Amino acid sequence: MAVDLQVRLGSLVLKNPVLTASGTFGYGVEYAGYFDVSRLGGIVTKTITLEPREGNPMPRTAETFAGMLNSIGLANVGADCFIKEKLLPLEPLDTAVMVNIAGSSPDEYEKVALKVAAHERVDALEVNISCPNVNKGGLAFGTDPEITREVVRRVRETTVKPLIVKLTPNVTDITAIAQAAVEGGADALSLINTVLGMAVDIETRRPLLARHVGGLSGPAIKPIALAKLYQTVRAVSVPLIGIGGIMTWQDALEFIIVGATAVQAGTLHFVDPCGAVKIIEGIKTYCDEKGIGDLSSIRGSMEDGGA
Amino acid sequence: MAVDLQVRLGSLVLKNPVLTASGTFGYGVEYAGYFDVSRLGGIVTKTITLEPREGNPMPRTAETFAGMLNSIGLANVGADCFIKEKLLPLEPLDTAVMVNIAGSSPDEYEKVALKVAAHERVDALEVNISCPNVNKGGLAFGTDPEITREVVRRVRETTVKPLIVKLTPNVTDITAIAQAAVEGGADALSLINTVLGMAVDIETRRPLLARHVGGLSGPAIKPIALAKLYQTVRAVSVPLIGIGGIMTWQDALEFIIVGATAVQAGTLHFVDPCGAVKIIEGIKTYCDEKGIGDLSSIRGSMEDGGA
Amino acid sequence: MKQHRMRLIEQNQPAPGIMRMIFKAPDLARNSRPGQFVQIRVTDTFDPLLRRPFSIHRTHSNGTIEILYRIVGRGTRLMSRTRPGVRLDGMGPLGNPFQTEGNFSTALVVAGGMGSAPAFMLIDTLLKTGKSIHFFWGVRCDDEFFHLEWLRSSGVELHLACERGDTGHQGLITDILEPMMNRYPDSKGFVCGPKPMLEKMQRMIRTFPIPWEVSLEEKMACGVGVCMGCAVRVGQKIQMVCSDGPVFDLREVDFGS
Amino acid sequence: MKQHRMRLIEQNQPAPGIMRMIFKAPDLARNSRPGQFVQIRVTDTFDPLLRRPFSIHRTHSNGTIEILYRIVGRGTRLMSRTRPGVRLDGMGPLGNPFQTEGNFSTALVVAGGMGSAPAFMLIDTLLKTGKSIHFFWGVRCDDEFFHLEWLRSSGVELHLACERGDTGHQGLITDILEPMMNRYPDSKGFVCGPKPMLEKMQRMIRTFPIPWEVSLEEKMACGVGVCMGCAVRVGQKIQMVCSDGPVFDLREVDFGS
Ligand SMILES: Cc1cc2nc3c(=O)[nH]c(=O)nc-3n(C[C@H](O)[C@H](O)[C@H](O)COP(=O)(O)OP(=O)(O)OC[C@H]3O[C@@H](n4cnc5c(N)ncnc54)[C@H](O)[C@@H]3O)c2cc1C
Ligand SMILES: Cc1cc2nc3c(=O)[nH]c(=O)nc-3n(C[C@H](O)[C@H](O)[C@H](O)COP(=O)(O)OP(=O)(O)OC[C@H]3O[C@@H](n4cnc5c(N)ncnc54)[C@H](O)[C@@H]3O)c2cc1C
Ligand SMILES: Cc1cc2nc3c(=O)[nH]c(=O)nc-3n(C[C@H](O)[C@H](O)[C@H](O)COP(=O)(O)O)c2cc1C
Ligand SMILES: Cc1cc2nc3c(=O)[nH]c(=O)nc-3n(C[C@H](O)[C@H](O)[C@H](O)COP(=O)(O)O)c2cc1C
Ligand code: FES
Ligand code: FES
């Protein structure tokens, strides 16, 4: 008996729980030469904003130990161009398409959501209130429960499609933000976005990122992501999508055991472009070997005490 | 012209800026067989509490990618035994001794400070309001500006010796806590303590730490520590001690360039017991090669723009 | 208790999944005693980050030391790919050794699985004292046995057990040990192996009042007693396996469950 | 554009601090064009984490490819210790090649420092087109030159400059290029080298209206155009060095400063 990897995020059924994280998989087809993208549970696009954005000054990335910093600054083609040019290549793909959106005001979130959600190839919206790399919106919104509730409420009014709200780890109490997002109408939460970080070149005495601080991702942050998920699982009852340093199927299973319904891999793609498929295969094998017929039987099954 | 590595923390003069981080260097003499501890700028002891503590259930440590989790739970011999047994071996050492203290109430902080600060071998106190591994006190105190101010004020009343307050990164805005600590009377701040993290064994489906979550340390958290330091430098004017993932002299210099007066190395000792001495040597060589006569000329000298 | 740049001379595979490394490390070889261990840094990079603890398997008068390890995870996998000529950074000897001196005529050495790693250096040392040695060795599959010829020719009395295979008793080593124990009243016991075996041994020896030393394993960070990570309750007190142990009085260990 | 398990056949040091790796990677060798690059994963562990981009230095009909790299940091240091037999994971060929076809009779190939890495494959390709080739090669110290004999014997016109040493002009390669440029009106230029040299070249060619292609370097994460990390402004537009480049029209590049 092979395991059924199907999972549900609100009204959306995914064929498996492995998604790509926003900003690390382009507009969904750039890795098509490396593997069959239709094998994924879903893809999450780069964040789309109302107007096109060039992004932050260079340099925008830096490697750190078992991690990387980025300060891309939501560089994207803008909602109109996205709808006109980027959705078409996704038509033939047999996988869920989730569009990540952001704005610099609740109003802008609403506007971009209205534009994007209307398109039938869009299966769900992921609302990014957690980007550390922009001055307005982004992280500032995601650290305040009131604004979080307001932004989510506004986006909620634009669509009946599943609404995922993406949370930042850069807060004292992630559960307060999680609850606010659910109150605003989120069908699911995804966490974590990147952790605020920095690196310095000691020869030039300049920060490695032009914008000084950026977002840390990769294996380094996996323990942080798991702890935030662990806290959030106990605070809300909507499905959660685990993100942060997932590089292997073992990593993905850690998140599922703690309570994630699905996972997103980001930095992984840069290290191993076919890594997401290996995660799907690995989860399958694990379940088959252990006689697990359905992921729900291990989701949130973590027991007490040390390993 | 060889560089003068001397730095000041309030009234305390350190021969160099390299200190050991609390909980990673025992009571100061355990590594004596590996190198001459007197070469250090100073040592910070394991956290001392009023009563002896056995610590948390096992397992208490787990390795993560470029990092480790610990949930030691402030295991220590207690203030009385510390004073009676652990200070004596430090007498002959030509290095500053800083005693890290914690309590489960402002009252307890005051009591342990009173006991410890009175001893003449104690050069400074480091007040731990940021331990993620205990239920009362610790992290909970360090995330609240009011309690932070109160705890520091109480400890301040017990001594004129330099008071360092150790901050947690697990907050939305570290500058609010930093300011509160300074208002309470801190002469210096040290940051960061560990980042809340978690790991799971997918075979047993149990957390790797018996207490589920613990504190992440090591190279993985260096970018986070630098970002928190960067924020704090702009918010307060007392000397800052940079901590978090410092493994090499290059790492230490990153913190100094961002604005740290001194640094502490923690997890480093487990990887390379003589690592702290190598940091001192490396800083010296760097300064000599660049004609830097005094660390203050590069402290906080970070310029704008990408490297 | 020092840091050594141990030059790898040879690496081989005495049994499936089990590797033996032979290092040139004269200081370490000279100063090590059975039951002590070495903390090895497996890479120059920071992943894997922490050192890995390994019992000293054997030392030789030519300044070499051996460790014996099972490939279980990322660290040991990396180690197994290390080629001769490379120097690995090892801290040691760490911990307290078995006490091989004393007024006993027979040594009962009981090893389960990788417990054979410290057992060989223990046997080497006991052989020099002239005591008679009974080696109770249990493994999962009999292809994990090695050096049997040498053990026999050295005069060691062998008692073997395996869960799968044809060599010795088919089952647990404690099965053969239990009925035999009482034959050696003037003896001292030494045990190393997996936790379930140690717990069973602790129950078994209640009524057999010879001294029993056990070598414990716990996850370690520092290996020198500063991090308080490897705590175990022994005789009502919290002790550190790395610096108070790894050798303890088996009767006093609190296995928790 | 694929992932390859490239088997390292040989690694040698053509000049101090500079290494050459020769891999067996038939697919990659067949499909690569000059100016393209490969993203190499330098370790199985997660430190260093990201792949490292290297120009394809040469390809051979026996299915091998070469890269030439300077040891500058943690990744290249690890690479320099990799031994023959090991397979490294390489993604490629990535990026857009130099355009070696066209109505020009002379190719001016200008390389500074490690710019020689792509220059050799470019020269190999140009040699097949029968165009006359002038190779302007500048280095810091003249022990960084290699293959000079082969270049000369292949009919490449060599112009060398070094800041230290006795070979060629003592100074920058742009010093000798500038006064010579106008001699070749029917030519096309190809440049690769450090940013200051490229900026200087951009100023120099203002009044010399032949086409000039440049190969740029930026820090990269993905190498395939998804992370938006390697942005550069070219002709008023933001372009990605990895997927829109690394070869651009030198005149259009905005060097920022
Ligand atoms: C004092 C002592 C002596 C030991 N002697 C030997 C020996 O001679 N031969 C041998 O094969 N093994 C021995 N071990 C166990 C050995 O240390 C582990 O098998 C090894 O650390 C596994 O590393 P890994 O990276 O392959 O596994 P991983 O599972 O990837 O390691 C992850 C982390 O867990 C720790 N860990 C994993 N298993 C163990 C374990 N059983 N005990 C302690 N820590 C563990 C690792 O050190 C590392 O920090 C000894 C352990 C101790 C404490
Ligand atoms: C398209 C392209 C082709 C290249 N071709 C060659 C070549 O043929 N030969 C060669 O020697 N070098 C080449 N480089 C530069 C080479 O990628 C770097 O020297 C190498 O990544 C340094 O890695 P490190 O770990 O040793 O250095 P570190 O400084 O430790 O690396 C830290 C991070 O910075 C990045 N980085 C450092 N220097 C550079 C650089 N100059 N350009 C881009 N990223 C950098 C690394 O990739 C890594 O992510 C090329 C770069 C690009 C973008
Ligand atoms: C280069 C890069 C760009 C990113 N861009 C976005 C983005 O546009 N929107 C967003 O919500 N998250 C963005 N992220 C965050 C990721 O989606 C993800 O939350 C984070 O990287 C943690 O996951 P990882 O460790 O698997 O990469 C970006 C991450 C990286 C590395
Ligand atoms: C095993 C361990 C025990 C620690 N115990 C304490 C402690 O008792 N008190 C304290 O203030 N910090 C404690 N810390 C935190 C360190 O002092 C330091 O803030 C943290 O580890 C980050 O620095 P590093 O990355 O250099 O280790 C401990 C850290 C570790 C790894
Ligand atoms: S491993 Fe640190 S105290 Fe034992
Ligand atoms: S490196 Fe990612 S877009 Fe170029």
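Sequence lines set the chain letters: A, B, ... in the order given, protein chains first and strands last, and positions in each chain run from 1. Computed from a predicted structure; not experimentally measured.
Remark: B/R205 CZ is packed, more than 12 non-hydrogen atoms of other residues, nucleotides or ligands lying under 6.0 Å away. Counted within 6.0 Å of CZ on C/R233, heavy atoms from surrounding residues, nucleotides or ligands total more than 12; the atom is thus considered enclosed. Applying the 6.0 Å contact sphere to CD of B/E91 captures more than 12 heavy atoms from other residues, nucleotides or ligands. Applying the 6.0 Å contact sphere to CZ of C/R251 captures more than 12 heavy atoms from other residues, nucleotides or ligands. Counting heavy atoms of neighbouring residues, nucleotides and ligands inside a 6.0 Å radius, atom CZ of B/R121 exceeds 12 of them.
Counting only distance, with no hydrogens or angles, the side chain of C/R41 and the backbone of B/D272 share no donor-acceptor pair below 3.5 Å.
In terms of the salt bridge (charged side-chain N to carboxylate O under 4.0 Å, His left out) criterion, residue partners of C/R70 (sequence neighbours excluded) are, by chain and number, C/E144.
Nearest heavy-atom pair, C/L94 versus B/Y34, reported as atom, atom and distance to 0.1 Å: CD2-OH, 3.5 Å.
Note on B/G73, B/A62, B/S71, B/P219: by heavy-atom pairs under 4.5 Å with chain C, the leading option is B/P219. For the set B/G55, B/G218, B/A220, B/G67, the count of heavy-atom pairs under 4.5 angstrom toward chain C peaks at B/G67.
Here the NZ-CZ distance, from C/K219 to B/R60, works out to 14.5 Å after rounding to the nearest 0.5 Å. For the atom pair CE of C/M240 and CD of B/E30, the computed distance is 11.0 Å after rounding to the nearest 0.5 Å.
For a heavy-atom cut-off of 4.5 Å, chain B lies close to C/F46, C/D47, C/P48, C/L49, C/L50, C/R51, C/R52 in residues 44-58 of chain C.
Heavy-atom distances place the side chain of C/E218, and not its backbone, under 4.5 Å from chain B. B/F65 touches chain C through backbone and side chain together, each having a heavy atom under 4.5 Å away.
Annotation: side chain of C/Q3 is in contact with side chain of B/P273 (closest heavy-atom distance under 4.5 Å).
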